Amino acid sequence: MRLCVKKHPYPWSFKMSDLRVRFAPSPTGFLHIGGARTALFNYLLAKKEQGTFVLRIEDTDVERSTQESVDAILQAMDWLGLSYDEGPIYQSDRYELYKSKVSALLDQGLAYRCYCTTEELNAKREAAMKIGGKPRYDGTCRERTDQPDLPYVVRFKTPRDGNTAFVDRIKGTITVENDELDDLIIQRTDGNPTYNFVVVIDDAEMGINLVIRGDDHVNNTVRQIPMYKALGYEVPEFAHVPMILGADKKRLSKRHGATSVMVYREMGFLPEAMVNYLVRLGWSCGDEEIFSMDDLIAKFSLDNVGRSAGVFNPDKLLWLNEHYIKTGDPERLGGLVAEQLEGQGVDVSDGPEMAAVVQTLQDRVKTLVEMAEGARFYFEAPVSYDEAAAAKFLTEEKRVVLELLIKYLGATVSFTLEDVEGAFKAMMEESGLKLGKIGPTVRVALTGGTVSPSIYEVVSVLGKATVLARLQKALASLV
RNA sequence: GCGCUCUUCGUCUAGCCUGGUCUAGGACACCGCCCUUUCACGGCGGCGACAGGGGUUCGAAUCCCCUAGGGCGUACCA
């Protein structure tokens, strides 16, 4: 197998076999496209390096976090095949730890209580903006020594001199002057810790040595690094993957269409198509387009992840889905299509073999939903015929065609594709009728419409009894 | 506004580090032709990009500088 070459081979700060990565969604909604890709990259690298993939639920925002969201995220990861080695670990179970870290920082003078009110803060921000300054906290309470009996938040004392820099495994070196940073709130008035604080503690305590997360966190990273140091932790390595944008180059959101990966399942997409699409958005391996999960585990590397944001392209996802449907195992696809049909109240228990049905449809549909639609006639005789089609192909003058069909097919014992084809050939030869004169009529009689797989296949898969019954029925309803 | 960052066909990208092999390759989409009993599949072909401007160099998509545009951040959200 051809592996993708490394472009920037520079050393890691730890042994790759000790790799520990994590995916840390906040349960405030379903798993969206961007999150899924982040999870996928983490998973792939962990698998490739035989490291450990941890799942952590970031539910410090009590207002917006829900158990339904946790379930939805877990379900989506399962569908995509992204299994984790440890977790899920809930931050809400770890408040004692966070509290003790806040106290420690307070005791060491590395954090302080801030009594400024939200109103005061907003006013200060506006004032700063007005004179062209940065809308940051001005440090009013930083050196305060009294402890009034008032509500307060705890802020981290961010260093004011020098700069903070790190080597991003995707974007390269990123540097920010410390005086651009302000003193972050690490504990809210209600006593709950905030994201930027707990993420540092958790990543460190869980031994995460490579943080792979969205691009939108680069700014947080430079704020978090001083906290790792203050807390006495080793700073992990970082890899920030670019954002996924909509067609208008704006951050992908609902108005660009479905953003929940599970909605794609409902729309008839296969998980391998979604995985393949997601990984190729921002990562490449030469000219290759098709990757199985095993290919990816062998070939994935952060070195081939691009630095620029990518536009989500549903057309390409659809193409990949088409590919995986075309090449998928008929038995497996049959199971999925059966689920769809049963959901629509179609009884598939005594119809033709599902796998055989699937095989006639694999080359002509792009989604499982389309496949289910196309498969429906195999299990349900047409209740009515397409009006225009019937007017054209089920006319009185087609009576002879139907009668011949019944005669020849009735005399055919086995309905293998070869035998069916043989019967049609014999009929055409002896009657002088061309397939063009017969095909459309059979199709309408058997399927009710003008679009279907090849008629030989349809006749073969439907089986003798069903075919003859439907032909008779058509005969009886000629116009 | 300020900070960080990005910029190759409409879109995803190869190439850029190690300048010549690039009249810039592949894929999706689109268009055309062929195949064809329907719808599709498939085959073949076409359209189409180095953001702009300056340098450096015999030579730049590749190195340097500037400009423009985009994204993200600037919360007691994560």
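Residue numbering restarts at 1 for every chain, and letters A, B, ... go by the order of the sequence lines. Given the structure is predicted, the values throughout are model-derived calculations rather than measurements.
- Taking the P atoms as reference points, B:C35 lies 28 Å from B:G48, given to the whole Å.
- In this structure, the NE2 atom of A:His256 is 10 Å from the P atom of B:G71, given to the nearest Å.
- Spacing of P atoms, B:U13 relative to B:C6, comes out at 15 Å, to the nearest Å.
- In the set B:C76, B:C41, B:C72, B:C76 carries the atom at the smallest distance from any side-chain atom of A:Arg125.
- Comparing the same atom, P, in B:C16 and in B:U8 gives a spacing of 16 Å after rounding to whole Å.
- To the nearest angstrom, C1' of B:C17 lies 17 Å from CD1 of A:Ile170.
- Between the side chain of A:Asn220 and the base of B:A78, a donor-acceptor pair under 3.5 Å is found.
- Counting any heavy atom pair closer than 4.0 Å across all strands shown, A:Leu281 reaches sugar-phosphate atoms only and no base atom.
- Defined by atom type and a distance below 3.5 Å, a donor-acceptor pair is missing between the side-chain atoms of A:Lys392 and A:Thr450.
- Among the nucleotides B:C28, B:C76, B:C2, the one closest to any side-chain atom of A:Asp315 is B:C28.
- In this structure, the nucleotide among B:C12, B:U38, B:G25 sitting nearest to the side chain of A:Arg280 is B:C12.
- The nucleotide whose nearest atom lies closest to any side-chain atom of A:Arg188 is, among B:U11, B:C41, B:C76, B:C76.
- At a cut-off of 3.5 angstrom, counting only N and O atoms as typed in the model, there is no donor on one side facing an acceptor on the other between the side-chain of A:Asp215 and the base of B:G71.
- A donor N or O paired with an acceptor N or O is found under 3.5 Å between the base of B:G26 and the side-chain atoms of A:Glu289.
- Judged by distance alone, the side chains of A:Thr164 and A:Asn178 do bring a donor and an acceptor atom under 3.5 Å apart.
- Atom name C1', nucleotides B:G53 and B:A14: the rounded distance is 27 Å, in whole Å.
- Judged by Watson-Crick or G-U wobble contacts below 3.5 Å, the nucleotide B:A68 has B:U7 as its partner.
- The side chain of A:Lys249 sits closest to B:U11 out of B:U37, B:U11, B:C72.
- Remark: the separation of the C1' atoms in B:A61 and B:U7 is 12 Å, to the nearest Å.
- The side chain of A:Lys171 lies closest to B:U5, out of B:U5, B:U11, B:U37.
- Comparing the P positions of B:G19 and B:G26 gives an interatomic distance of 25 Å, to the nearest angstrom.
- Counting distance only, with no hydrogens placed and no angle test, the side-chain atoms of A:Arg364 and the base atoms of B:C41 include no donor-acceptor pair under 3.5 Å.
- Comparing B:A49 with B:C66, their C1' atoms sit 23 Å apart, to the nearest whole Å.
- On a pure distance criterion of 3.5 Å, a polar donor-acceptor pair joins the side chain of A:Thr189 and the base of B:C76.
- Picking from B:C6, B:C72, B:U38 the nucleotide with the shortest atom distance to the side chain of A:Asp216 gives B:C72.
- The gap from the C1' atom of B:U36 to that of B:G43 amounts to 13 Å, rounded to the nearest Å.
- Nearest nucleotide to the A:Arg307 side chain, out of B:A78, B:C16, B:G71: B:C16.
- In this structure, B:C41 shows a glycosidic angle within 90 degrees of zero, which is the syn conformation.
- Under the 3.5 Å distance criterion, with hydrogens and angles disregarded, a donor-acceptor pair is assigned to the side chains of A:Ser92 and A:Asp59.
- Two rings, from A:Tyr324 and A:Phe269, have their centers 6.0 Å or more apart.
- Nucleotide B:U38 holds its C1' atom 15 Å from the NZ atom of A:Lys437, rounded to whole Å.
- Rounded to an integer number of Å, the gap from A:Asp61 CG to B:C76 P is 13 Å.
- Ranking B:C28, B:G3, B:C72 by closeness to the A:Val176 side chain, first place goes to B:G3.
- The nearest whole Å value for the distance from the CG atom in A:Leu318 to the P atom in B:A27 is 18 Å.
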